[in-house]
2 protein chains.
Amino acid sequence: MGRNKLVMKKIENSTSRQQTYSKRKDSIVKKANELAVLCDTDVALLMFSPTGQLTSYSSRGSVEDIMLRVVNRPGELHRRPIPNEQYFSQRLAQLKYESEMVEKIAMLTRRSLISSIKD
Amino acid sequence: MGRNKLVMKKIENSTSRQQTYSKRKDSIVKKANELAVLCDTDVALLMFSPTGQLTSYSSRGSVEDIMLRVVNRPGELHRRPIPNEQYFSQRLAQLKYESEMVEKIAMLTRRSLISSIKD
DNA sequence: CCGGCTATTTATAACGT
DNA sequence: TACGTTATAAATAGCCG
C-alpha cells in the first residue's frame, strides 16, 4: 500500500527499515488481535525488531501458555498432512539439537558466565 | 475492509467465523513474512483455528528456535526471570517426551496403523 | 469447504513538519 | 527522530458457484 508499490526485499536504509518495522509491527499486532476476537481463538505473535528488541502478543494468557500448547502437540507443528520418515527424522534431529542447546545454556547459567542471552 | 464495516466482536455464525479465520490467517502469515523480509527480522506466529487446528509460521528456523530465544530473554517486553534449574530440567523433560512421542508415532506410521495425526 | 468477484474499508509509502 | 497527511496499494465482507 502507499504511494508506490513496495518491492519485497530488505529495506537497505536503516532508518526507513526501523520506521517500517515500527508501523508494520503495530498493524500486525492489531490484525492478530482482530483475528483472536472475531474468531474467538488463541493467537500468539513474537517479533524481534531490527535492533533485537522483542515484541510479543498473546490473545489469551501469557505467551508462554500458548507456546506450551504448541510444544505439547508433537507432530503437528507445521500442519503436515501425512508425516513421513523424513519428517520424523528431521523432527527428532531438531529435538536433539534443542536439547543440546538447553543443556549448554543451563551449564553456562550455572557457571554464571552469562546472566542473559544476547543476540 | 469489505462491503460493510465489521464490528469487532466474535462472529456468531460458525461458518462465517471459520471462513473469516481462514482468510485472515493467510493474510496475517503473509504480513508476518513481509515484516521479516522487509526488516530482516525474526518473526513467529502461532494461531489456533476455531476447531483447534494449529497454524504456525516462523521466518527463520523452527518455531521452537524463536520460542527458545523468547524464553531465554529475561527483562524483555513479556518479562521472564532468568532461566533456572527447574526451567531447564522441565524443558529437557519436555523435549525427551516429545522425542519419545515422535518415535512412537513414527513406528506406528511404519506399521500403517495410522496415516495421519489427529487431535 | 474452497475459490473467484467487487465494493469498501484499511494499511501504509513517501512526504512534510 | 518522532509524528501528521494523503495518494495509492492491499485486504476483505458479503456473495456466488
Side-chain angles (χ1 to χ4, degrees), chain A residues 1-60 73 75-83 119, chain B residues 1-60 75-77 114-119:
Chain A
M1 313 147 192
R3 299 304 179 88
N4 294 319
K5 177 166 179 160
L6 188 59
V7 181
M8 268 298 289
K9 64 184 290 290
K10 176 177 176 180
I11 297 169
E12 293 303 332
N13 181 287
S14 65
T15 302
S16 300
R17 188 167 63 245
Q18 180 63 49
Q19 287 177 346
T20 294
Y21 175 82
S22 184
K23 283 187 181 180
R24 281 176 174 259
K25 164 182 66 64
D26 292 342
S27 297
I28 204 169
V29 168
K30 185 182 175 187
K31 288 282 184 188
N33 187 57
E34 288 178 356
L35 182 67
V37 171
L38 292 173
C39 303
D40 191 33
T41 59
D42 294 335
V43 177
L45 241 184
L46 306 170
M47 299 172 288
F48 287 90
S49 81
T51 57
Q53 184 175 53
L54 169 67
T55 295
S56 64
Y57 164 81
S58 173
S59 62
R60 170 177 163 276
R73 293 169 86 94
E76 204 195 355
L77 249 196
H78 299 288
R79 267 221 289 174
R80 286 172 185 278
I82 300 176
D119 285 358
Chain B
M1 313 146 195
R3 300 304 178 87
N4 294 318
K5 178 164 177 164
L6 190 58
V7 181
M8 268 299 288
K9 65 184 289 291
K10 176 178 175 180
I11 297 169
E12 293 303 333
N13 182 285
S14 64
T15 302
S16 301
R17 187 167 64 249
Q18 180 62 50
Q19 286 177 346
T20 294
Y21 176 81
S22 184
K23 282 186 180 180
R24 282 175 173 259
K25 164 183 64 65
D26 292 341
S27 297
I28 203 169
V29 167
K30 184 181 174 188
K31 287 283 185 187
N33 186 58
E34 288 178 357
L35 182 68
V37 171
L38 292 173
C39 303
D40 192 30
T41 59
D42 293 337
V43 177
L45 241 185
L46 305 170
M47 300 172 287
F48 286 90
S49 81
T51 58
Q53 185 174 48
L54 171 65
T55 296
S56 65
Y57 164 81
S58 173
S59 63
R60 173 176 162 276
E76 284 285 351
L77 260 193
I114 57 173
S115 62
S116 64
I117 310 296
K118 294 179 181 177
D119 282 1

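Below, chain A is the first sequence line, B the second, and so on; all start at residue 1.
The two residues A/S59 and A/T41 have their closest heavy-atom pair at OG-O, 3.4 Å. Listed here is the closest heavy atom pair of B/K25 and B/M47: CG-CE, 3.6 Å.
Rounded to whole Å, atom P of C/dC1 lies 8 Å from atom CD of B/Q19. Distance NZ (B/K5) to C1' (D/dA11): 15 Å, rounded to an integer number of Å. Between A/M8 atom CE and C/dT12 atom C1' the separation is 14 Å, expressed in whole Å. Put simply, CD1 on B/I28 is 18 Å from P on D/dA10, counting in whole angstrom units. Regarding B/E34, its CD atom lies at a distance of 14 Å from the C1' atom of C/dT10, rounded to whole Å. As a whole-Å value, the separation of A/E12 CD from C/dA13 P is 16 Å. If you take CZ of A/R17 and P of D/dA2, they are 15 Å apart, rounded to a whole angstrom. Note: CG (A/D26) to P (C/dA11) measures 11 Å, nearest angstrom.
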Worked check of side-chain contact (heavy atoms from CB on, under 4.5 Å) between A/T15 and A/Q19: CA-CA 6 Å; A/T15 302; A/Q19 287 177 346; 3.9 Å; yes
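Of the possible donor and acceptor atoms, one in the side chain of A/Y21 sits under 3.5 Å from a partner among the backbone N and O of A/S49. A/R17 contributes a side-chain N or O that, together with a main-chain N or O of A/E12, makes up a donor-acceptor pair within less than 3.5 Å.
The listed nucleotides are D/dG14, C/dA13, D/dA2; the one nearest the side chain of B/K23 is D/dG14. Among the nucleotides C/dT12, D/dA11, D/dT1, the one closest to the side chain of A/S27 is C/dT12. When distances are taken from the side chain of A/T15 to each of D/dT1, D/dG14, D/dA11, the shortest belongs to D/dT1. In the set D/dA10, D/dT8, D/dT12, D/dT12 carries the atom at the smallest distance from any side-chain atom of A/K31. Proximity note for A/N4 (side chain, C-beta onward) versus C/dA7, C/dA11, C/dA14: the nearest is C/dA14.
No donor-acceptor contact under 3.5 Å links the side chain of A/R24 to the base of C/dT12. Under 3.5 Å, the side chain of B/R3 and the base of C/dT6 form at least one donor-acceptor pair of N or O atoms.
Residue whose closest nucleotide on DNA chain D sits further toward the 5' end, between B/K30 and B/S16: B/K30.
Within 4.0 Å of B/S22, counting heavy atoms only, lies no atom of the nucleic acid at all.
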